[in-house]
Amino acid sequence: MSESLVGASRIDSSKRTWLIASSCAGAVGGVATAIPFVSTFQPSERAKAAGAAVEVDISALQPGEKITVEWRGKPVWILKRTAAQIAELPKLDGQLADPKSERHPDEFTPEYARNEGRSIKKDVLVVVGICTHLGCSPIDKFVAGPQPSLPDDWQGGFLCPCHGSTFDMAGRVFKNKPAPDNLPVPPHMYLSDTRLLIGEDKKSA
């Protein structure tokens, strides 16, 4: 392979990594804000290649906020839901393709997250931020109400900008959308009330 082709390949790879990182956004109070990957607890490059777990401090995470960390090269969202967002989840079941996470449960939803909020704690959602259709990264649409590409009765969630799949605040996909499954919940566990371990859980530890 020529040096020019190798260089182009490296540039393309760098662009892909940058696009994944830059497409992940957080929203506080309905205002979209770019959120960088949390780097404080990132393992070494060698550890990441081996799929090492990532420890995250969520003590500063406030209701309505989301942070993004990288695990196995994938963006993992950690969202602290508000009381209103939690209360809305059971009302949406009739609009969702798989409200109880019964499709491919072992692949997309660990047993401890097979509940209404798809989470260990009601207020904290942990999901892989990659659409199950063609691998795009959905964007935050936490504000309720009519908006472009969203229904008039929208209650907040995520929109995939590539083909229009929508997900609620538990990462559950709405009916009649291209995405065939809910957003995946990665293995995770709490080391304390404010420290999460992404990539391992009690069952596999």
Salt bridge (charged side-chain N to carboxylate O under 4.0 Å, His left out) against D123, all qualifying residues, sequence neighbours excluded: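 With neighbours one apart ignored, the set is empty.
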
Considering all heavy atoms, the nearest E116-L89 contact: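 That closest heavy-atom pairing would be OE2-O, 3.9 Å.
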
Over all atoms of both residues, closest heavy-atom pair of F167 and P138: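 Heavy atoms of F167 and P138 come nearest at CE1-CG, 4.2 Å.
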
With a 3.5 Å cut-off and sequence neighbours excluded, list the donor-acceptor pairs that the side chains of residues 177-187 form with protein atoms.
residue, atom, partner, partner atom, Å
N182, OD1, V173, N, 2.8
N182, ND2, D98, O, 3.1
N182, ND2, S101, OG, 3.4

Intermediate values then yes/no, side chain to side chain contact (heavy atoms under 4.5 Å, CB included), Q155 and E88: CA-CA 8 Å; Q155 295 301 315; E88 193 64 33; 3.4 Å; yes

Roughly how far, to the nearest 0.5 Å, is the [atom2] atom of [Y] from the [atom1] atom of [X]?
X	Y	atom1	atom2	answer
L159	I139	CG	CD1	5.0 Å
E55	E200	CD	CD	10.5 Å
I120	D201	CD1	CG	7.5 Å

ILVMFWY network linking F108 to W77, side-chain heavy atoms under 4.5 angstrom: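 Different clusters.
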
same_hphob_cluster(Y112, I86) at 4.5 Å side-chain heavy-atom cutoff: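 Not linked; separate clusters.
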
Is any side-chain heavy atom of [X] less than 4.5 Å from a side-chain heavy atom of [Y]?
X	Y	answer
L196	L191	no
V127	V76	no
D140	K66	yes
K141	W154	yes
H133	H163	yes
T194	D57	yes
I78	L61	yes
S137	I130	no

By side-chain hydrogen bond (donor to acceptor under 3.5 Å, both in side chains) - contacts of K100 (at least two apart):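 For K100, the residues satisfying side-chain hydrogen bond (donor to acceptor under 3.5 Å, both in side chains) (neighbours in sequence not counted) are D93.
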
Residues which pass side-chain hydrogen bond (donor to acceptor under 3.5 Å, both in side chains) with D153, listed by chain and number, not counting sequence neighbours: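 For D153 there are no side-chain hydrogen bond (donor to acceptor under 3.5 Å, both in side chains) partners, ignoring immediate neighbours.
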
Looking at [X] and [Y], would you say the former's side chain and the latter's main chain have a donor-acceptor pair under 3.5 Å?
X	Y	value
R118	A113	no
R81	G117	yes
E107	H104	no
D106	P110	no
Q95	L92	no

Plane angle bin for F158 and F142 - parallel if under 30°, tilted between 30 and 60°, otherwise perpendicular: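 Plane angle over 60°, so perpendicular.
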
Salt bridge (charged side-chain N to carboxylate O under 4.0 Å, His left out) contacts in which one or both residues fall within residues 157-169, not counting sequence neighbours: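 For residues 157-169: D168-R172.
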
Cation-aromatic face contact K121/Y190, 6.0 Å, 45 degrees: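 K121 over Y190 ring: yes.
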
Pair L150-T166, side chain to side chain contact (heavy atoms under 4.5 Å, CB included): steps then yes or no: CA-CA 8 Å; L150 294 171; T166 48; 3.7 Å; yes

Side-chain donor-acceptor pair present, T109, R103, cut-off under 3.5 Å: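 There is no such pair between these side chains.
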
Worked check of side chain to side chain contact (heavy atoms under 4.5 Å, CB included) between M169 and L79: CA-CA 9 Å; M169 297 298 287; L79 166 69; 3.5 Å; yes

Disulfide bond (SG atoms under 2.5 Å apart) contacts touching residues 79-135 (sequence neighbours left out):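 Those involving residues 79-135 do not exist here.
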
